[in-house]
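Take a look at the structure below.
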There are 2 protein chains.
Amino acid sequence: MTARLPGAEDVRAAAARIASVAVRTPLLECTALDARCGGRVFVKPEVLQRTGSFKFRGAWNCLSQLSATERRGGVVAWSSGNHAQGVAAAARMLGLPALIVMPSDAPRLKIERTRGFGADVVLYDRATEVREEIGARIAAERGAVVVLPYDDPEIIAGQGTVGLEIAEDAARLGVALDAVLVPAGGGGLAAGTALALGATMPDAKVWCVEPQGFDDHARSLAAGQRLGNEAGGKSFCDALLAPMPGELTFAINSVRLAGGLAVSDTEVAVAMRFAFEDLKLVVEPGGAVALAAVLAGRYDARGKSVALVLSGGNADPVAFARVLAG
Amino acid sequence: MTARLPGAEDVRAAAARIASVAVRTPLLECTALDARCGGRVFVKPEVLQRTGSFKFRGAWNCLSQLSATERRGGVVAWSSGNHAQGVAAAARMLGLPALIVMPSDAPRLKIERTRGFGADVVLYDRATEVREEIGARIAAERGAVVVLPYDDPEIIAGQGTVGLEIAEDAARLGVALDAVLVPAGGGGLAAGTALALGATMPDAKVWCVEPQGFDDHARSLAAGQRLGNEAGGKSFCDALLAPMPGELTFAINSVRLAGGLAVSDTEVAVAMRFAFEDLKLVVEPGGAVALAAVLAGRYDARGKSVALVLSGGNADPVAFARVLAG
């Protein structure tokens with residue numbers, strides 16, 4: 001691994017780059033959530049972000065820095081659907097061709113939306129094919145730049161703007177956060193958020209939250225080394241099924257995170273219903289794990305001031321209706 | 001009618017009263033909505049407000065001004081469910097007893113939430129009973145203050161803070177709004193918004209939007225006098241079924257509104273699905289009529305800068321799932 005580690009100054013630079021194109025999502029306090037948790041719990045609704053997840057931030061930060069030569073060949077990415085849309089939307093805005101490699105069992109909404117942003121989509125079978133190989137081959141054929149989903153300094157810096165905005169808004173409210181909870185797939189959002197908080201609100205602990213069976217960050221952080229998930233795990237948190245922490249992200253997270261928490265699909269479904277009924281926000285399964293951790297008491301928020309990221313809202317209507325029905 | 005007409009100064013006073021207790025909802029720009037409408041369309045998501053609708057604003061503005069003597073008897077209100085929750089929540093925060101008269105066919109979520117805020121709920125049959133009579137009788141028995149749903153200067157002023165925030169945030173973004181679209185039941189939100197915009201962004205036209213069959217404001221504004229709805233109309237916009245414009249609200253709206261628009265339940269359902277899929281917001285039928293007007297082209301937003309209010313999100317999960325299923 002030769003890539004340099006990004007720092008808080010890269011997050012600040014990313015914030016300047018995305019300022020005119022990304023949504024500055026608010027930091028919401030929900031009295032129903034406060035009452036339920038016995039603390040002050042703030043929500044950062046990245047579901048309101050362009051493309052419905054935080055992933056647009058990193059994608060724009062990356063793509064907007066490509067040289068004229070690099071832009072010519074366009075971009076290739078692989079993603080279960082949110083990075084896909086982030087890259088596709090940023091590419092369209094910059095006038096670049098984009099091709100995205102997506103699992104054939106990705107939510108239909110995510111595939112349709114990615115195509116809707118003008119990207120070519122190549123589907124693969126998660127059980128028998130390796131997306132990195134497919135993507136790398138196509139990128140070589142096209143002379144395209146690969147936009148990694150998390151293990152890239154500019155992607156991490158871009159996602160870190162979420163943490164920077166949380167710190168700024170909390171400071172404006174006069175709130176010293178005890179903790180910030182973020183969902184983790186490859187760990188890019190966690191790493192970027194930890195960099196931003198470390199520079200702005202260093203007493204706030206950053207925790208990552210994962211689905212049970214895909215708690216590779218939690219176990220890796222505890223062990224002090226990157227560990228993969230057991231094969232055969234199942235979760236409906238389609239955005240958080242990365243096999244193990246990234247190299248670059250883990251180099252940051254292993255130093256900066258307080259630890260990792262895991263939640264069950266049942267706890268996630270409860271959190272999605274809570275978000276629907278009490279926050280009036282549409283949150284996809286993977287986007288709801290940090291809320292699930294607080295609601296289920298996996299993180300004890302009593303007497304604390306906590307911010308959590310609702311990282312994505314690209315839920316299929318049919319699947320969402322099933323969750324609503326219980 | 002002897003009540004004084006409120007003015008913009010009352011809206012400003014209300015804004016100061018609610019500042020520490022209400023959510024200052026953001027003004028969101030959604031690129032998917034812009035693309036669909038061919039203009040800049042900003043959304044004011046009052047679904048994120050305390051109690052899930054703008055109604056908390058007026059309720060707090062009213063209740064927080066009651067004298068010690070008035071507080072002793074508590075408050076009585078009648079409402080299909082959003083004013084109910086606003087009054088119940090404000091009453092609980094101020095330590096007052098509250099009793100709310102609600103139709104027996106109100107969404108279950110709204111009845112449960114109103115009780116959840118500690119209010120007593122009395123149900124009545126909309127076909128055979130008159131809620132004002134029931135409420136007035138109970139208020140007399142209890143020595144309670146009646147908190148009207150819209151025809152009250154302090155309620156109108158409180159709801160007007162929605163418009164004030166829209167004007168402030170649009171100005172901060174450097175946007176001169178051509179129009180602001182708000183849902184109308186009794187017309188309190190429309191009247192307050194028109195007062196606020198008149199004082200801060202006078203070139204912005206304020207339109208009210210209603211369900212077809214309940215377009216009493218549209219017809220009254222066109223006729224220059226208050227007209228009621230025909231009996232027997234049906235709409236799933238349960239929050240917007242008031243029989244005719246309020247006296248006080250119409251005195252303001254007849255002078256200040258650009259006019260009224262009406263949308264079908266089918267158009268509202270399309271808007272609710274759009275809010276779910278593209279805005280990631282849960283909007284109840286009555287809260288979605290202004291969005292429906294823009295999406296269905298009842299208001300032509302092409303080339304314009306428009307703000308619309310998503311006024312409430314207290315949708316029953318089961319009914320919402322049906323809308324999602326199409």
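Small disclaimer: the values here were computed from a predicted structure and weren't measured. Both backbone and side-chain heavy atoms feed into the values below; hydrogens, waters and symmetry mates do not. Residue numbering restarts at 1 for every chain, and letters A, B, ... go by the order of the sequence lines.
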Next item on the list: Would you sort out whether B/Ser235 and B/Asp265 count as a side chain to side chain donor-acceptor pair (under 3.5 Å), showing the intermediate values?
Entry: CA-CA 6 Å; B/Ser235 167; B/Asp265 276 9; 2.9 Å; yes
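For residues 20-40 of chain B, no pair satisfies ring-ring contact (aromatic ring centres under 6.0 Å, His included), with sequence neighbours left out.
Contact residues of residues 32-50 of chain B toward chain A are B/Val47, B/Leu48, B/Arg50 (heavy-atom distance under 4.5 Å). Of residues 319-326 of chain A, those residues with a non-hydrogen atom less than 4.5 Å from any non-hydrogen atom of chain B are, in numerical order, A/Phe320, A/Ala321, A/Leu324. Applying a 4.5 Å heavy-atom cutoff, the residues of residues 281-297 of chain A that approach chain B are A/Leu281, A/Val282.
Most heavy-atom pairs under 4.5 Å with chain A: of the set B/Asp316, B/Leu279, B/Thr31, this distinction falls to B/Thr31.
Atom NE2 of A/His83 and atom CD of A/Gln159 lie 8.5 Å apart (nearest 0.5 Å). If you take CG on B/Leu189 and NZ on B/Lys55, they are separated by 8.0 Å, rounding to the nearest 0.5 Å. Atom CD of A/Glu168 is separated from atom CG of A/Leu27 by 11.0 Å, given to the nearest 0.5 angstrom. Taken to the nearest 0.5 Å, the OG1 atom of B/Thr51 stands 7.0 Å off from the CZ atom of B/Phe56. Taken to the nearest 0.5 Å, the CG atom of A/Asn61 stands 8.0 Å off from the OG1 atom of A/Thr161.
Put simply, the side chain of B/Ser264 gets close to the backbone of B/Glu267: a donor and an acceptor are under 3.5 Å apart. Within the 3.5 Å criterion, the main-chain N or O of A/Arg17 finds a donor-acceptor partner in the side chain of A/Trp60.
Around the CZ atom of B/Arg172, the shell of radius 6.0 Å holds more than 12 heavy atoms that belong to other residues, nucleotides or ligands.
When each of A/Thr193, A/Val306, A/Leu308 is tested with A/Val180 by the rule side-chain contact (heavy atoms from CB on, under 4.5 Å), just one qualifies, namely A/Thr193.
The residues A/Asp120 and A/Arg115 are annotated as not salt-bridged, no charged nitrogen and carboxylate oxygen being separated by less than 4.0 angstrom. Ion pairing between A/Glu29 and B/Arg24 fails under the 4.0 Å rule for side-chain N and carboxylate O.
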